[in-house]
Amino acid sequence: MVRILREMMTDGVEDGTGRVPVPGRRRRAGGARRQRALEAAARVLAERGYERTRFSDVAKEAGVAVSTLQTYFGAREDMVIEALYSSTEAEAAALEAAAAGLEDPWQRVVALLDRGMAPVPTQVWRMLLECWHASAHDPELAAHSAGLQERYRRPFVGAVDDGVARGVFRTRWPTTHIVTSLVAILDGLIIPRVLDHSYFDHAGVRDVIIAQAAALLGVDETAGHAADAAGPPAEGRGSAEVGGTAPARGTPTTS
């Protein structure tokens, strides 16, 4: 009991799973069993939505008692918000990994766009939609969502700034505007994918997005080098987020 109480009162302590609790939320006992319950909560959340996910639903999915979930998470809201946090953090980490080890800036941009469009479990996209929806009603989750968005943008910002610095990208717009536009495209594609709209064609849309990115960055999308038609780089177009004239904006960011 003393050990459990100590864990319940400790913030920011990892339980061996590699995950860190939501800032401001109390970490509770459970270890690997707690993590499995959290994964069950994420599955239920993706199916039922933020408001309709109850302790009883998650208990049934996880095969545990409601009292066990209360020990692990405390309030229902804490359980649901941590499930959102864990799932969206994983997606941001996957995006960062997609560009890791690629030296060429254009190849990194293409890899990031491909990862953003990659076929992944529908649960991931549903969780992102639920995260945005819930963020409108929970100030703490809203703050996390803003941080998560910054982390999601960061690999794009780094690739674009690197390409501009090397002279590979020749564009008239600031990095932050380009990245905002590219990420907005990826975010918007979540809707037809989650709802399985018949008009969505992955290969065709990918071609359009790559062409748009090439036009924005002033590169030949087939050769990956600067296009003369793009004109000279705009003066002082370094990013204020990563690799530019100002430091990165703190905490990590999906959209």
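In this chain, numbering begins with 1 at the start of the sequence shown. Bear in mind the structure is a predicted one, so any value in this text is a computation, not a measurement.
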Q: Decide whether Val205 and Val110 are clustered together by the hydrophobic rule: side chain heavy atoms of Ile, Leu, Val, Met, Phe, Trp, Tyr closer than 4.5 Å, transitively.
A: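 Yes: a chain of side-chain contacts under 4.5 Å links Val205 to Val110.
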Q: Between Ile178 and Phe156, is a side-chain contact (heavy atoms from CB on, under 4.5 Å) present by the stated rule, with each step listed?
A: CA-CA 9 Å; Ile178 293 173; Phe156 286 96; over 6 Å; no
Q: Assign the ring pair His202 / Phe200 to parallel, tilted or perpendicular, where the plane angle (0 to 90°) is split at 30° and 60°.
A: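 His202 vs Phe200 ring planes: perpendicular.
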Q: Are Val109 and Leu189 linked, directly or through other ILVMFWY residues, by side chains that come within less than 4.5 angstrom of each other?
A: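 Linked within one cluster.
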Q: Taking the side chain as every heavy atom from C-beta outward, state whether Trp106 and Ile210 have any pair of such atoms under 4.5 Å apart.
A: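 Trp106 reaches Ile210 side chain to side chain.
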Q: If I compare all heavy atoms of Tyr50 with all of Leu45, which pair ends up nearest, and what's the gap?
A: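 Here Tyr50 and Leu45 meet closest at CA-CD1, 3.4 Å.
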Q: Show the numbers, then the answer: is there a side-chain contact (heavy atoms from CB on, under 4.5 Å) between Leu38 and Phe73?
A: CA-CA 9 Å; Leu38 189 63; Phe73 304 106; 3.7 Å; yes
Q: Looking only at non-hydrogen atoms, find the nearest pair between Arg115 and Ala98 and report the distance.
A: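 Where Arg115 meets Ala98 most closely, the heavy atoms are CB-CB, 3.7 Å.
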Q: Is Glu61 paired with Arg43 through a side-chain N to carboxylate O contact shorter than 4.0 Å?
A: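 Yes, this pair counts.
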Q: Might you confirm whether atom CG of Leu195 has over 12 heavy atoms from other residues, nucleotides or ligands at distances under 6.0 Å?
A: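 Yes - once you tally the heavy atoms of other residues, nucleotides and ligands closer than 6.0 Å, there are more than 12.
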Q: Please report the closest heavy-atom contact between Leu112 and Leu95, naming both atoms and the distance.
A: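 Between these two residues, the closest heavy atoms are CD2-O, 3.4 Å.
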Q: According to a 4.5 Å side-chain heavy-atom criterion applied to Ile, Leu, Val, Met, Phe, Trp and Tyr, with indirect links allowed, do Leu102 and Val164 form part of one hydrophobic cluster?
A: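 The answer is no; the residues belong to distinct hydrophobic clusters.
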Q: Calculate, to the nearest 0.5 Å, the distance between atoms CZ and CG belonging to Phe169 and Leu216 respectively.
A: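 The CZ atom of Phe169 sits 11.0 Å away from the CG atom of Leu216.
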Q: Roughly how far, to the nearest 0.5 Å, is CG of Asp196 from CD1 of Ile191?
A: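 Reported value, rounded in 0.5 Å steps: 14.0 Å.
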Q: Find the distance between CE (Met117) and CD1 (Ile190) and round it off to the nearest 0.5 Å.
A: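 Interatomic distance, Met117 CE to Ile190 CD1, rounded to 0.5 Å: 11.5 Å.
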Q: Examine the side chains of Arg153 and Thr180 and answer whether a donor and an acceptor come within less than 3.5 Å of each other.
A: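 Yes, because at least one side-chain N or O of Arg153 sits under 3.5 Å from a partner of the opposite role on Thr180.
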Q: With rounding to the nearest 0.5 angstrom, report the CE to CG distance, Met79 to Leu69.
A: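 These two atoms lie 6.0 Å from each other.
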Q: In plain terms, say whether Glu39 and Arg34 are close enough for a salt bridge, that is, a side-chain N and a carboxylate O under 4.0 Å apart.
A: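 Salt bridge between Glu39 and Arg34, a charged N being under 4.0 Å from a carboxylate O: no.
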Q: Do NZ/NE/NH1/NH2 and the carboxylate oxygens of Arg76 and Glu51 come within less than 4.0 Å?
A: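 Salt bridge between Arg76 and Glu51, a charged N being under 4.0 Å from a carboxylate O: no.
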Q: Answer yes when Arg108 and Asp162 have at least one side-chain N-carboxylate O distance shorter than 4.0 Å, and no when they do not.
A: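 Looking at Asp162 together with Arg108, the answer is yes, because their closest N to O distance falls below 4.0 Å.
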Q: Flag yes if Ile185 and Val160 sit in one hydrophobic cluster, no otherwise; membership is Ile, Leu, Val, Met, Phe, Trp, Tyr, and two members link when side-chain heavy atoms are under 4.5 Å apart.
A: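 Yes, it is one cluster - the side chains of Ile185 and Val160 are joined through contacts under 4.5 Å.
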